[in-house]
Each structure stands twice: as C-alpha cells, then as structure tokens.
Undergrad: 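Structure below; questions to follow.
Chain letters run A, B, ... following the sequence lines, proteins first and then strands; every chain starts at 1.
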Amino acid sequence: FMTSLNLKLCCSLAVLGKESQKRAGGEVEMVRHNRDRNKNAGLFCNVCLCLPLCLRWEEEKCTDGSKWRFLEHKGPVFPPPYEPLPDRVRFYYDGKAMKLSPGAEEVATFYAKMLDHEYTTKDIFRKNFFKDWRKEMTSEEKSKITELKKCDFTEMHEYFKAQSEARKQMSKEEKQKIKEENERILQEYGYCVMDNHRERIGNFRIEPPGLFRGRGDHPKMGKLKRRIRPEDIIINCSKDSVHPKAPPGTRWKEVRHDNKVTWLVSWTENIQGSIKYIMLNPSSRIKGEKDWQKYETARRLKKIVERIRAQYREDWRSKEMRIRQRAVALYFIDKLALRAGNEKDEGETADTVGCCSLRVEHIRLHPQMDGQDYVVELDFPGKDSIRYYNKVSVEKRVFKNLQLFLENKQAKDDLFDRLNTSILNKHLQELMDGLTAKVFRTYNASITLQQQLKELTSSDDNIPEKILSYNRANRAVAVLCNHQRAPPKTFEKSMHNLQTKIDEKKKQLSAAKKELKAAKADAKTLRDEKSKRAVETKKKAVQRISEQLMKLEVQATDREENKQIALGTSKLNYLDPRISVAWCKKLGVPIEKIYNKTQREKFAWAIDMTDEDFEF
DNA sequence: AGAACCACTTAGCAGATTTCGA
DNA sequence: TCGAAATCTGCTAAGTGGTTCT
C-alpha cells in the first residue's frame, strides 16, 4: 500500500509556500488517501487522515533513535512586558503612600492579585514572597520596606478586580477582535512543520512571571517565578529549517539541532531549577505513536501478568529481605495501582510518597478489622498531595512480611528500606522488555474498563443508559487510580436544582397518564377516528415524558456518584482508547458521546484503526 | 552506586466557552 | 434571549524513568 499514487499533498503542508515544502521534505510527496485499508499498519495524519509518510521511515527511526528529520517552527510567544500602574493606584507602607520602582511594583502586583486567595495567609507563602520581593527592590525601598504586614496592597487589588470586571463587560466587537488576534497568533506560532506534517504545538506561550504556588504544603510557595527572557531560551529545530528569530535587540541562549528529542523550545525554571519544554500537541504523530506504544506495552503485560503474579507470590517467601520487599511492593503496585514512588529532594518539594517511598507512618496493620482478616490501612499523601486512603484485606504472607518490615523502625523510616524504584524497575525489565512500574497502572486501568464495560452494558439499553454504564466503568478506573477532585463549588445547588426538575417531571408524567386514561375512556364510548387519534397522541406524550424523566434520573445518579471523582485523567492517560472505540461501534453509541473534539483528535489513531471486535 | 540531569507523561484546577432551560 | 450550569481548554506543577556524570 505504500505505492504513492497521485492525489493530494499531505495535510496543510499544502498551504505552505513552495520554499517551505522544499525544506520540509526535499520533494513534495504524494500520498493516497484511504482510511479503511489498513487496520494496524500505522497512524494516520491527524490533520487530513492520509497515511503518514513517517511510516516509511519507521525502520530507520527505530534503529538510530532519531525522532524526526525536519523541524521548523516560529519559536515561543512571550507574555507582554510589564505595564506600570497608573499613578492614582497607590501602594501604602505603614499607612503612607509610596511609589515603587517598576521592578518592585511588578512583583507587588503579583501579590496584590492573589489577595483573595487563602495562601496569602500562609506563613511560608508570605515569607518566601517577601524575601524574593526584597531582592527586586532598590536599596531605598529595601531599607524602608522591612515588614510585609505593614504593606497595603488593597488599591492595587481593587484596580485589578475592576480591570477583570471591565474585561467581562467588553462589547461583542471588542471580544471578537481579541479572539481574532488570538487566532492569528495561534496560526503563526501554534503550529510547526515536523517532517511532512503541519502539527499543532501544545504550549507555545512562555509561562508568565508570577508567584509560585505548589500543590499541598510546598516549601517554596510564594517564591518569585521570574520572567523568562530570550537569552534563557534554547531553540531546537533542524539545520535546514528557517530558525525562529529572537525578538528585536535580543538573542537566544542557543539554537541547537537535536533530533533525538521531541521538544522545540526549552528553558530552565528558577524555582526548582528544572527544565521546561515546548512540545507538540497530543494530536501530533509523535505523541500519538508514543501513546499507542504505551498501550501495546500494557497489552504485552497482559499476556504474562499471571506468571508475574505467581512469581511475586513465590518471592514473598524468599529468604532475602530485598526480594521480599520487592515482591510486596510489586503486589501493592499491581493490586492497588499505586505509583512507583521515586525519592524526592527533601525540603525542595511537598512531602508526598508513592509505593517505594512509603514510610512506616503511612501504614497500619490490623490482624482483624470489620470482620476481615489481615487488613492493611494505607493513608498517605500521593501525587499533587492528594490523599490516598484505603483499607484492604491482604494475604497472610503479605501481612506477615509487612510486620517484619515494620520491626524496629520509627514512624519516619522507609517501609521498604531495601528497595527503590530503580531496583524495582531493573527487576521488571528482566521480566519483560519495556516493563516498568507504571505499566501496571496502565494495564490495570484498561483491563478494568474492558471488564466493567462487558459487565455493565447490554445492547438492549438505550443510549443514555449505555453512557451511564460507560461512565460507571470509567469511574471504577478513576477510583482504582485515586483520581480525585474537589467537589464543584456549585455541587449542592445544582444537585438540588436537578431534583426539583425530577419532581416536576414526575408530576407532568402523572398528569399525562391521567389524560391518557381519559382519552382512552373517551375513545371507548365515542369509537370515532378523532378520539382514537387523541389516544395515540396521549400515549406518545406519556412515553416522551417518561423517557425525559428517566434521562434526568440517570443524570442525577451519574452526578452524585461523580461528586469527588475526576474521570478525565484516566480517560486521557490510562484507558486504551481502542476499548472505548470498539465498545461504541459494537453498541451503536456515537463516539462523540464519549470523546469530545480534543479527545477525538488525540485518539484519532485509535478511532481510525479499531473495529468492534478489538480486545485489549 | 548514587547523584544529577534530562525528557517526557500525568495531574488537578481556574478561567473560557458552550449549552441548557426558563 | 439571558443567566446559570456544564463542559472544555489551557496552564503548569508533579510525577516516572532513562542516561550521564562523579
């Protein structure tokens, strides 16, 4: 099928000029447009759904580790420069108005904007902010402003509130104009050419300066996240592309041509000293292929998971402590879908843990509890400081091992003192090529969805019922992976509103039923065409209303069950989209009911290649 | 072996946009 | 047609895991 028949230029490359086309591929390639032909051979171009030319280079790509041959882009978009406050908006220190230097003023505005937030009341936040703010002050300012609690930012705060209010009140035309300008920027900076495709970039805007807010109890909250200058930026593109220009009067830190990586732009951030990247959108070929590969690895695990389970159960009896610990940790990762738990720099980040970094204080053992034997109670802050809390009954051997691991240890000691993620992953690598701890999460999430869908849906259900079942299956996975969210602020109210609607609908229904009864009685006595038709109309009305009622009730159940559970993360990152696509096809549910536009773009590969009998 | 570095995926939230229902 | 609610999108922090340096 690789025969390149005439037809059309691959996707929007056609809109580029002749020069760019030449740079992009040397010759203009023609490809055949046919979506149905190959099921598993490769990904489709996400823009036009022609076959991707990159397929042709697959072998080459695999061997030398290069990720692309040609890459051209316009570089990042910088946030607008700081606009000093009008003179009427004043800052007060110790009750006296004080004009700040632009540098100090800018940092002050970051704080002023956050005044409504709870974290400006936190000691660490205030301390970090004040320390970094002072660094931006002139020496006079520094000598005057010595205490944060004497600073009065309220005028500034009011000013920004008024500004955002004004923005909301803008006329339709003004809003339209802004929208158009954004669209122009998107078209210019939001796309790149990678090999023969015009691809959407994920985050092409440089992060604006501000005050850092980590999640949970972060020791660095409130620190100044500094403004990124062109001199901080490394550009990555191909040698034969037109390099992006640095803004007038500036230069890039570096322009490099590294096709072993996928990023276009990088810079070093000043809070943790880590590197930030501009990369492609999930709809891009390079992300899609990686995603596909991830699920293929999880499917390979499926084939051998029973063997691995047998082995780690065996290892619970090992005479070596390190092997027992490894086996118990792996059991947790497999059974509870815990994350690996890399070590973190103490004092640099919030105190959170995963499996390998669990400490004594995070676990409690109950030989008996709630009528169950060998109950393990886990309670720890996980990623993003989201609490993981679970009570689970385990095998006796696991329990005994845990007791052993806990012996002679203090609360702050590591539960698995002979284990870390690197040791664990080395072991996993020996069991299967590409196997790491996180593959278990992907595998268990996807297999759970597939099982739950099978269990919960029946082809006799109507579409809303099927969707409820899908959401429930999705929810089972989200619960497994501990994907939580704060209950929406309007939750109680909107639940109440929905209940009111349901009650009204019920009344409507009984009224309609009454009318139907009356109509039937009429028809029986009158026996004419007109009254017969009336019966039919009333029947339809009853049917319609009861359908509406059911839909509302389904909605209420769904929403109640979803109060504190976030479905998005698992849908986007853990569930093989082919399971959902196959389910939709099999049960006649339009894919749009399951995936919105962005999600359909991300999963274009799966939507195209999957038929209804796909099995994970 | 362990630390440091790097690249990439996964995560929840806030604000923007769209949809819904009176 | 309007305001509220629902949904989506962008943002960027926080993980995982590989490689390189010491």
Side-chain angles (χ1 to χ4, degrees), chain A residues 65 67 79 117 164 167-168 175 178-179 182 186 190 201-208 210 212-216 218 220-221 225 234 236 258 260-263 266 268-269 271-282 286-287 290-291 293-294 339-345 348-350 352-357 381-386 420-426 428-429 434-439 441-442 445 478 481-486 488-491 493-495 497-498 500-501 504 552 555 559 562 564-574 595-599 601-602:
Chain A
K67 309 275 171 73
H117 261 110
S164 78
R167 228 170 301 129
K168 275 184 214 152
K175 282 184 180 165
I178 290 170
K179 209 172 164 188
N182 281 336
L186 175 68
I201 297 171
N203 56 324
F204 55 90
R205 290 176 194 277
I206 295 291
E207 296 171 17
F212 177 80
R213 169 61 184 157
R215 320 254 166 91
H218 197 115
K220 299 201 172 182
M221 65 169 80
K225 191 169 120 170
I234 302 173
N236 193 33
D258 182 357
K260 301 279 191 289
V261 297
T262 65
W263 54 266
S266 77
T268 301
E269 151 272 349
I271 304 289
Q272 320 275 353
S274 65
I275 307 169
K276 299 260 188 167
Y277 303 94
I278 291 182
M279 290 184 189
L280 295 193
N281 186 273
I286 211 153
K287 295 285 186 190
K290 198 80 190 295
D291 208 34
Q293 197 182 61
K294 173 181 77 185
R339 296 188 184 82
N342 283 312
E343 297 103 303
K344 312 172 64 187
D345 311 352
E348 300 287 300
T349 55
T352 63
V353 298
C355 185
C356 294
S357 50
K383 182 178 181 180
D384 294 318
S385 294
I386 298 288
N420 61 40
T421 53
S422 163
I423 294 170
L424 178 63
N425 281 332
K426 269 193 194 110
L428 293 175
Q429 186 58 233
L435 186 61
T436 62
K438 86 186 189 91
V439 179
R441 247 168 103 81
T442 311
C481 295
N482 199 229
H483 291 141
Q484 298 189 30
R485 62 166 184 179
K489 287 186 194 79
T490 54
F491 186 85
K493 209 174 95 193
S494 79
M495 214 56 211
N497 288 349
L498 193 57
T500 316
K501 267 193 230 165
E504 276 168 20
L552 285 174
Q555 203 186 349
R559 198 183 300 174
N562 228 22
Q564 299 194 63
I565 312 282
L567 300 187
T569 303
S570 50
K571 202 173 190 177
L572 236 46
N573 299 302
Y574 288 100
Y595 291 138
N596 68 33
K597 188 166 144 280
T598 321
Q599 293 164 342
E601 278 166 13
K602 169 165 175 165

Undergrad: Can you tell me if NZ on A:Lys175 sees more than 12 non-hydrogen neighbours from other groups inside 6.0 Å?
TA: yes
Undergrad: Grab the two heavy atoms, one from A:Ala478 and one from A:Leu567, that are nearest each other, plus how far apart they are.
TA: CB-CD2, 4.1 Å
Undergrad: For C:dA13 and A:Lys225 - does any side-chain N or O of the residue sit under 4.0 Å from the phosphate oxygens OP1/OP2?
TA: yes
Undergrad: Out of B:dT9, B:dT10, C:dA14, which nucleotide sits closest to the side chain of A:Tyr574?
TA: B:dT10
Undergrad: Which nucleotides of nucleotides 17-22 of chain C have their base under 4.0 Å from a protein heavy atom (B), which only their sugar-phosphate (S), and which neither (-), written as one string 5' to 3'?
TA: BS----
Undergrad: Ignoring backbone atoms, establish whether A:His218 has a side-chain N or O less than 4.0 Å from OP1 or OP2 of C:dA13.
TA: no
Undergrad: Let me know the distance between CG of A:Leu280 and P of B:dA7, rounded to the nearest Å.
TA: 15 Å
Undergrad: May I ask you to test the A:Asn203-A:Lys276 pair for a side-chain heavy-atom distance under 4.5 Å?
TA: no
Undergrad: Counting side-chain heavy atoms from CB outward, which of B:dA7, C:dA13, C:dC8 is closest to A:Thr598?
TA: C:dC8
Undergrad: For A:Arg205 and A:Asn182, work out which heavy atoms get closest and say how close.
TA: NH2-OD1, 3.9 Å
Undergrad: Closer to the 5' end of DNA chain B via nearest nucleotide, is it A:Val261 or A:Asp384?
TA: A:Val261
Undergrad: Any idea which of B:dC8, C:dT9, B:dA11 is nearest the A:Lys383 side chain?
TA: B:dA11
Undergrad: Closer than 4.0 Å, any side-chain N/O of A:Asn596 to the OP1 or OP2 of C:dC8?
TA: yes
Undergrad: Give me the distances for all protein-to-nucleotides 13-20 of chain B N/O pairs that come in under 3.5 Å?
TA:
from	atom 1	to	atom 2	distance (Å)
B:dC13	OP2	A:Ala486	N	3.4

Undergrad: Taking side chain as C-beta onward, heavy atoms only, is A:Gln599 less than 4.5 Å from A:Leu572?
TA: yes
Undergrad: Rounded to the Å, how far apart are A:Ile234 CD1 and B:dC5 P?
TA: 14 Å
Undergrad: Measuring from A:Lys225:NZ to A:Glu269:CD, what's the distance to the nearest 0.5 Å?
TA: 7.5 Å
Undergrad: Is the phosphate of B:dG12 approached by A:Thr569 (side-chain N or O, under 4.0 Å from OP1 or OP2)?
TA: yes
Undergrad: Taking all non-hydrogen atoms of both residues into account, name the closest pair between A:His218 and A:Glu348 and its distance.
TA: NE2-O, 3.2 Å
Undergrad: Grab the CG-P distance between A:Asp258 and B:dC8 for me, whole Å please.
TA: 9 Å
Undergrad: Rounded to whole angstroms, how far apart are NZ on A:Lys220 and P on C:dA13?
TA: 12 Å
Undergrad: Return whichever of A:Arg205 or A:Thr349 has its heavy-atom-nearest nucleotide of DNA chain C closer to the 5' end.
TA: A:Arg205
Undergrad: Any heavy-atom pair between the side chains of A:Asn342 and A:Cys356 that's under 4.5 Å?
TA: no
Undergrad: Given atom CZ of A:Phe204 and atom C1' of C:dT9, what is their separation to the nearest angstrom?
TA: 12 Å
Undergrad: Measure up the A:Tyr277 and A:Trp263 rings against each other and bin them: parallel (under 30°), tilted (30 to 60°), perpendicular (over 60°).
TA: tilted
Undergrad: Nearest heavy-atom pair of A:Gln272 and A:Phe212: which atoms, and what distance?
TA: NE2-CZ, 4.0 Å
Undergrad: What does A:Pro208 touch in the nucleic acid at a heavy-atom separation under 4.0 angstrom: a base, only the sugar-phosphate, or nothing?
TA: sugar-phosphate
Undergrad: Could you state the atom-to-atom distance from NZ of A:Lys602 to P of C:dG10 in whole Å?
TA: 14 Å
Undergrad: Could you state the CD1-C1' distance from A:Ile271 to C:dA14, rounded to the nearest angstrom?
TA: 14 Å
Undergrad: Has A:Lys597 got more than 12 heavy atoms of other residues, nucleotides or ligands less than 6.0 Å from its NZ?
TA: no
Undergrad: With a non-hydrogen cut-off below 4.0 angstrom, is A:Thr262 in contact with a base, only sugar-phosphate, or nothing?
TA: sugar-phosphate
Undergrad: Using heavy-atom distances to pick each residue's nearest nucleotide on DNA chain B, tell me which of A:Tyr277 and A:Arg441 is more 5'.
TA: A:Tyr277
Undergrad: Take the protein atom NZ of A:Lys571 and the nucleotide atom C1' of C:dT7, then report the distance between them rounded to whole Å.
TA: 11 Å
Undergrad: Report yes if at least one side-chain N or O of A:Lys276 is closer than 4.0 Å to OP1 or OP2 of B:dC8; otherwise report no.
TA: no
Undergrad: Any idea which of C:dG15, B:dA7, C:dA14 is nearest the A:Thr352 side chain?
TA: C:dG15
Undergrad: From C-beta outward on A:Phe212, which listed nucleotide comes closest to its side chain: B:dT9, C:dA13, C:dC8?
TA: C:dA13
Undergrad: Could you tell me whether A:Gly382 contacts a base, only the sugar-phosphate backbone, or nothing, with contacts defined as non-hydrogen atoms closer than 4.0 Å?
TA: sugar-phosphate
Undergrad: Taking 4.0 Å as the cut-off, does a side-chain nitrogen or oxygen of A:Lys294 come that near to OP1 or OP2 on B:dT10?
TA: yes
Undergrad: Give A:Ser274 one of three labels, base, sugar-phosphate or nothing, depending on what nucleic acid heavy atoms sit under 4.0 Å from its own.
TA: nothing
